[in-house]
Amino acid sequence: MEELLERLLEQCRAFTSWGQAADYIPELAKSDPASLGIYVIGSEGKHSWAGDCHQPFTIQSVVKPILLLQALLDNGTEHVMQRVGVEATGKPFDAINAGDQSLDSGNINPMVNMGAILMCTLIQGKDYAERFQRLLELTRRLAGDEEIDIDEAVYCSEKTHGSKNRALAYLLKSHGLLEDDVEEVLDCYFRACSIRVDCKALAHIGAVLSNRGRLPASNQRIFPAAMSRYVNAILMTCGMYDGSGEFALRVGVPAKSGVGGGIMAVVPTRMGIGIYGPALDRKGNSVAGIRLLEQLSRELYLSIF
């Protein structure tokens with residue numbers, strides 16, 4: 001597996017020049033766009049990796065399936081579905097869905113910013129500091145790393161330059177979908193997006209989802225299998241922003257991308273995959289990362305279709 005990963009990574013490294021690091025959050029613009037790494041954790045527990053897989057980066061939107069899991073654990077499926085829809089929007093992740101019709105939960109899903117902001121309100125806790133801490137603890141458990149924490153510089157940059165997300169949150173509030181204080185909710189969301197991870201952490205999260213809620217090493221269950229099916233289904237249809245359909249054709253596995261350059265992929269019953277490639281396409285997905293996943297999917301017949 002290591003030789004395969006090394007070969008595919010070198011074949012795909014040239015694609016890093018096809019994109020650029022996110023610059024609307026100044027701290028993210030400091031990433032090296034030439035970086036590319038991959039980490040794989042198989043269902044049998046074997047770890048394989050190649051490239052810049054130990055480079056830390058912020059989780060960004062890859063936190064959304066974890067937000068969804070925490071909301072499901074705290075509220076159950078039916079309540080979450082009433083608050084956040086499941087249909088793909090066909091629009092960019094930060095689109096303002098303003099129009100003549102009233103905004104409702106059916107207009108958004110958990111993998112776009114509006115849905116993720118709403119999910120912060122579904123986490124239980126006496127205040128938003130406690131809610132974030134519970135989310136961080138779940139992230140650490142899913143990632144198999146108790147040392148995971150937030151990147152303070154990215155958090156401050158997110159909070160300072162988060163005007164678009166503030167617009168989305170106030171739009172939700174104007175339509176009666178968000179009742180709590182906007183700045184408190186957004187602070188939780190900005191902190192969530194600023195959690196620092198690496199490829200191994202994302203691969204471990206993917207491995208738990210591929211193992212239907214069980215940790216890959218101990219096989220200990222940390223959430224019900226039904227919740228894994230729920231999350232994986234939404235990742236399949238919505239996880240790669242408005243490029244999810246093409247990704248389903250080219251790669252064919254549930255996955256979530258983030259503008260920090262990360263991709264977390266789930267191959268049900270087989271493996272979890274973590275990728276880092278901060279050079280992004282216009283939709284906010286890692287250019288070389290998608291190519292690497294596509295090649296790996298072809299070589300190992302990973303597509304679920």
Side-chain angles (χ1 to χ4, degrees), residues 5 8-9 11-13 15-16 18-22 28 31-41 48-66 68 93 111-112 116 139 142-143 193 195-210 231-232 234-268 270-300 302-304:
L5 295 181
L8 296 182
L9 187 138
Q11 289 176 4
C12 296
R13 191 177 290 278
F15 290 106
T16 60
W18 288 28
Q20 61 182 31
L28 295 186
S31 303
D32 179 3
S35 296
L36 184 63
I38 183 170
Y39 204 103
V40 176
I41 301 179
S48 307
W49 61 87
D52 305 308
C53 60
H54 300 298
Q55 173 66 39
F57 56 94
T58 50
I59 196 167
Q60 298 300 322
S61 283
V62 185
V63 80
K64 288 170 180 171
I66 306 174
L68 175 57
F93 63 93
M111 299 301 124
V112 296
T139 304
L142 289 169
C193 291
I195 294 171
R196 188 191 295 111
V197 292
D198 59 14
C199 291
K200 181 180 180 180
L202 296 191
H204 199 277
I205 295 167
V208 177
L209 286 167
S210 78
V231 173
N232 286 339
I234 292 180
L235 289 176
M236 190 73 253
T237 57
C238 310
M240 300 300 286
Y241 304 136
D242 48 329
S244 295
E246 183 179 356
F247 184 85
L249 288 172
R250 290 170 52 184
V251 182
V253 299
K256 185 73 198 82
S257 60
V259 296
I263 301 177
M264 182 274 294
V266 181
V267 186
R270 293 185 63 182
M271 66 185 69
I273 305 169
I275 286 180
Y276 175 59
L280 310 179
D281 61 22
R282 289 180 294 177
K283 294 179 179 180
N285 296 318
S286 172
V287 180
I290 287 180
R291 293 279 182 167
L292 183 52
L293 264 178
E294 181 180 6
Q295 294 298 326
L296 187 63
S297 180
R298 287 179 179 174
E299 290 272 352
L300 300 180
L302 301 183
S303 176
I304 66 174

Please name all residues satisfying side-chain contact (heavy atoms from CB on, under 4.5 Å) with Glu299, sequence neighbours left out, ordered by chain then number.
Leu4, Arg7, Leu8
Residues that Leu280 engages under side-chain contact (heavy atoms from CB on, under 4.5 Å), provided they are two or more places apart
Ala22, Val259
Non-hydrogen atoms of Leu9 and Gly51 that approach each other most closely
CD1-CA, 3.8 Å
Using the side-chain contact (heavy atoms from CB on, under 4.5 Å) criterion, which residues pair with Ser48? Sequence neighbours excluded.
Met1, Glu2, Leu5, Lys46
Restricting to side-chain contact (heavy atoms from CB on, under 4.5 Å), what partner residues turn up for Asn232, sequence neighbours left out?
Leu209, Ser228, Leu235, Pro254, Val266
State whether the number of non-hydrogen atoms from other residues, nucleotides or ligands found under 6.0 Å of Gln11 atom CD is greater than 12.
yes
Heavy atoms of Ala201 and Asp198 approach each other most closely as N-OD1, 2.9 Å
Please tell me if the side chains of Ile205 and Val62 come closer than 4.5 Å, counting only heavy atoms from C-beta onward.
no
Tell me, which pairs form a salt bridge (Lys or Arg N to Asp or Glu O under 4.0 Å) where one or both residues lie in residues 52-62, sequence neighbours left out?
Arg13-Asp52
Considering all heavy atoms of both residues, which atom of Val253 and which atom of Val267 are nearest to each other, and what is their separation?
CG1-CG2, 4.1 Å
List the steps, then state whether side-chain contact (heavy atoms from CB on, under 4.5 Å) holds for Gln55 with Asp32.
CA-CA 10 Å; Gln55 173 66 39; Asp32 179 3; over 6 Å; no
Tyr276 and Gly260: which non-hydrogen atoms are nearest, and at how many Å?
CE1-O, 3.3 Å
Find the distance between CG (Leu296) and CG (Leu302) and round it off to the nearest 0.5 Å.
5.0 Å
Just jot down the ring-ring contact (aromatic ring centres under 6.0 Å, His included) partners of Phe247, sequence neighbours excluded, or say none.
none
Other residues, nucleotides and ligands only: do more than 12 of their heavy atoms fall within 6.0 Å of CD on Gln20?
no
Just list the side-chain donor-acceptor pairs under 3.5 Å for residues 284-295, sequence neighbours left out, or say none.
residue : atom : partner : partner atom : Å
Asn285  : OD1  : Ser257  : OG           : 2.5
Asn285  : ND2  : Met240  : O            : 3.3
Ser286  : OG   : Gly277  : O            : 2.7
Ser286  : OG   : Gly289  : N            : 3.0
Glu294  : OE1  : Arg250  : NE           : 3.1
Glu294  : OE1  : Arg250  : NH2          : 2.9
Glu294  : OE2  : Arg298  : NH2          : 2.9

When rounded to the nearest 0.5 angstrom, what distance separates CD1 in Ile41 from NE2 in His204?
5.0 Å
Quick one: CG on Asp281 to CZ on Phe15, what's the gap to the nearest 0.5 Å?
12.5 Å
Do Val40 and Trp49 have side chains that approach each other closer than 4.5 Å (heavy atoms only, starting at C-beta)?
no
Could you pull out the closest heavy-atom pair between Cys199 and Ile38, with the gap in Å?
SG-N, 4.2 Å
If the condition is side-chain hydrogen bond (donor to acceptor under 3.5 Å, both in side chains), which residues does Ser210 pass it with, not counting sequence neighbours?
none
If I take atom CE from residue Met264 and atom CD1 from residue Ile275, how far apart are they, to the nearest 0.5 angstrom?
12.0 Å
At what distance, to the nearest 0.5 angstrom, does NZ of Lys64 lie from CE of Met111?
8.0 Å
Give the minimum heavy-atom separation between Pro65 and Ser61, together with the two atoms involved.
CD-O, 3.9 Å
